[in-house]
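Below, chain A is the first sequence line, B the second, and so on; all start at residue 1. Below, all heavy atoms of this structure are taken into account, side chains as well, without hydrogens, waters or symmetry copies.
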Amino acid sequence: MSNKPSNSHKPSLSQRAMQTVPRPENTASSAAYLEGLNDAQREAVLNTQGPLLMLAGAGTGKTRALTTRLAHILSSRLAWPSQILAVTFTNKAAREMKQRIGKLIGDEVEGMRWLGTFHSIAAQILRRHAELVGLKSNFTILDTDDQIRLCKQVIVDAGLDEKRWTGRGLAAMIDDWKNRGLTPEKVNKDEAWLFADGQAIELYKAYQGRLITLNAADFGDLLVHNLTIFQSNGDVLANYQTRFSYMLVDEYQDTNVAQYLWLRLLAQKHKNICCVGDDDQSIYGWRGAEVENILRFEKDFPGADIIRLEQNYRSTPSILAAASGLISANQDRLGKTLWTNREEDEKVNIRGVWDGEEEARSICDDIESEQQKGRSLNDMAILVRASFQMRAFEERFNTLGLAYRVVGGPRFYEREETRDAIAYLRLVRSHADDLAFDRIANKPARGLGGKTMQTIHQYARARNIPKIMASKMLIENGELTGAGKNKLSAFIQMVERWSAETQNQSPRDLTELILEESGYTDYWKNSKSPKAPGKLDNLKEVVQAVSEYETLEAFLDHVALVAEHNEGFADGQVWLMTYHAAKGLEFPVVFLPGWEEGVFPSQRTLDEGGLSALEEERRLAYVGITRAEESCRISFAANRHKYGRWESAPPSRFIDELPEDHVEIYSESGLYGNRTAASDTLLNFEAELVDQDYAASNTIWQRGKKAGGKSSSYAGHTAPSSPPLIEGRSKTIASQAPGQSQFNKGQRVFHQKFGYGKITHSEGQKLTVAFDHSGEKKVMENYLEAG
DNA sequence: GCGCAGCCCATTTTT
DNA sequence: TGGGCTGCGC
């Protein structure tokens, strides 16, 4: 756990951090809110002038320091609430910050109009100056799904093959540019070849043009339009620069280039910008976050002070040591030394098991045994790398009748029926919202098939007018006839009537009216889909959500920017979520299953990500371990049922990076000890490891194995009289009768990892196969299929 | 316009 | 393995 900042080119950072910045002589420094802060936190609160980087390790009381700082600025009258810009990434973080400041300073917090997410604040600014980028102030904010659909239209309109060039692909590329703050004019010409044979930038332009016609902005636009406005309207920028005398940014390691530029522009006048973050917890690189922003802070803001919060109040020494040891394998980091004065307790557990089912079973056994010892289910969490890993746990929970909750998953406002209902409201608000029109014009079916929609689309595109207008013209000039015409006409009349009703009815009543009259509710009532009852419930939820707003506008803005919805978790449930979802949370007991190569780090990362992606995976592991307060239990399975096939993967390289002194290995005797078919298989995959350069000569899990393994009673729990893990293994072994191979010499076979080959030698279940592409290898027969 | 069979694919997801 | 999408047939 050495504090060895490997970035030796930036020595001044650590040096600075060592220095104690003189505490300002300030009467407020004796204020009650400073009590109980440690030295670093106190400094972070009182050092208000000039740029400041607060490097806050996991569990070091970051939020406390940050909210106290704001309270201090306000109560010292350094600024009015309206002069403070405080940005977060999530609505949840913004809400929490507001609450906690409120506890310190009371109602004054209500005046903090510029406390919010990057996107909500950028949206506020953009609404004020929309005309400067060709929008009207009531522009629609598009979500990801709208973006993709619009991209698809742009691709089709450009006459490209929509199978080769997908909407999703174009949207991803445009997003990437926007994350980097690039308008079509600023994109490097070479990047035109990233998509559609050199037409990428043209498509980006076309997409932006469509957005203007639709009077819409996507998430990325909120920031990029702000930048455009600031850069070409000095007076507007100066206004905000003057207004924001203090700035505070949470989770700075997650900012993308556009957000960074936005902050830098705004901070130029007062330069009182405080960025809080932890480079070791940067896990959103794949979404455009640039760890570089935090690594480079000092250069960007000359004269910056750096404060490290390193005293951890969350975890035991072993957990901290494990996390610190692991993360020290990363090259690009500022380096911190987390420490704690908590008592040493249980070491970090590492357990190897036979397969995924057994992993779920053993973790659930642990959970039940903790529960019997009086621990609440709320206090335990299982964190996974990817959601496919959740199924095994959910199945096990259901079998045992253990209450659990999954955090994440499809969100309320992203569900089909919610989005449909919202599309109706959007269309009622703005008849120009073609994306809403496309979505619900024929849902429920009104006989408006692809042909009619096609005609409307082309007519509208040719004249650059909204589709509703195009529809009306097509009806009037007789280009549409028959049933299609009548149905379309009736639909438009309905929409217009609803729009008129906006004046007379509350948003809630209007929503109910629309869902009723449009036939949308009936559409689900008549549906035979097993999902229909749930969808109807969700529609009621939408009505409920709308009723909390005074205007349709307010509700729609909420929907666009606050994609979350209170689902109201019950108490007494085990938490199940991804590492990403767990960031910022903490639990007494944390289970980290699936530490195998290909699962964690993920296969995708191994295949194409390179070093930086691997480092991000490692940070993810760091985030996972540091969620644990008392007990952290890592496991890996020798075999895993994945995509309908059995796969065997070596333990994660991250396991070998954990410091030996702080971990304890519990491996089953059957797995590593006795010579059984199972252990042979393990020996075999160990051989494969050597092939692939994975296994260092003396890895942790091999040491565990050499030690003969410990008993399968785990972490001091009483082992069940008949260990449930036996069932799982015996079942698997039973399929392979010992001694006799089902394959013959010369037979063609297939192996998951090595592909096709021919058996050259057999010895029991150990077969030697000459693979077509991978050469000759010894493998166990249960990894082979007849080829 | 709908239903079904076959096909392809398969991380993480703050706004 | 299984969910989501597509293309075809009614």
Check your understanding: Quick one: on DNA chain B, does A/Leu620 or A/Thr117 contact a more 5' nucleotide (nearest heavy atom)?
Key -> A/Leu620
Check your understanding: For A/Lys163 and C/dG7, is the shortest distance between a side-chain N/O and OP1 or OP2 below 4.0 Å?
Key -> yes
Point to revise | Sub-4.5 Å side-chain heavy-atom contact between A/Leu214 and A/Thr140 | key: no
Review point. Does one side chain, of A/Gln603 or A/Asp607, offer a donor that lies under 3.5 Å from an acceptor on the other?
Key: yes
Check your understanding: What does A/Arg391 touch in the nucleic acid at a heavy-atom separation under 4.0 angstrom: a base, only the sugar-phosphate, or nothing?
Key -> sugar-phosphate
Exercise for review: Provide, to the nearest angstrom, the distance between the CE atom belonging to A/Met390 and the C1' atom belonging to C/dG2.
Suggested key: 17 Å
Exercise for review: Indicate whether A/Trp286 forms a stack on B/dT12; treat it as stacked only if centroid distance is below 5.5 angstrom and interplanar angle below 30 degrees.
Suggested key: yes
Point to revise | Touch class at under 4.0 angstrom, heavy-atom based, for A/Glu617 against every strand present | key: base
Check your understanding: Hey, does the side chain of A/Asn91 come within less than 4.0 Å of B/dT15's phosphate (OP1/OP2), counting only N and O?
Key -> yes
Practice item. Would you indicate, yes or no, if B/dT15 has its OP1 or OP2 atom less than 4.0 angstrom from a side-chain nitrogen or oxygen of A/Thr144? Key: no
Review point. Is A/Thr88 touching bases, backbone alone, or none of the nucleic acid, heavy atoms closer than 4.0 Å?
Key: nothing
Review point. So, does A/Arg385 use its side chain to make a donor-acceptor pair with the main chain of A/Phe600 at under 3.5 Å?
Key: no
Check your understanding: Does the pair A/Glu608/A/Arg604 count as a salt bridge with the N-to-O cut at 4.0 Å?
Key -> yes
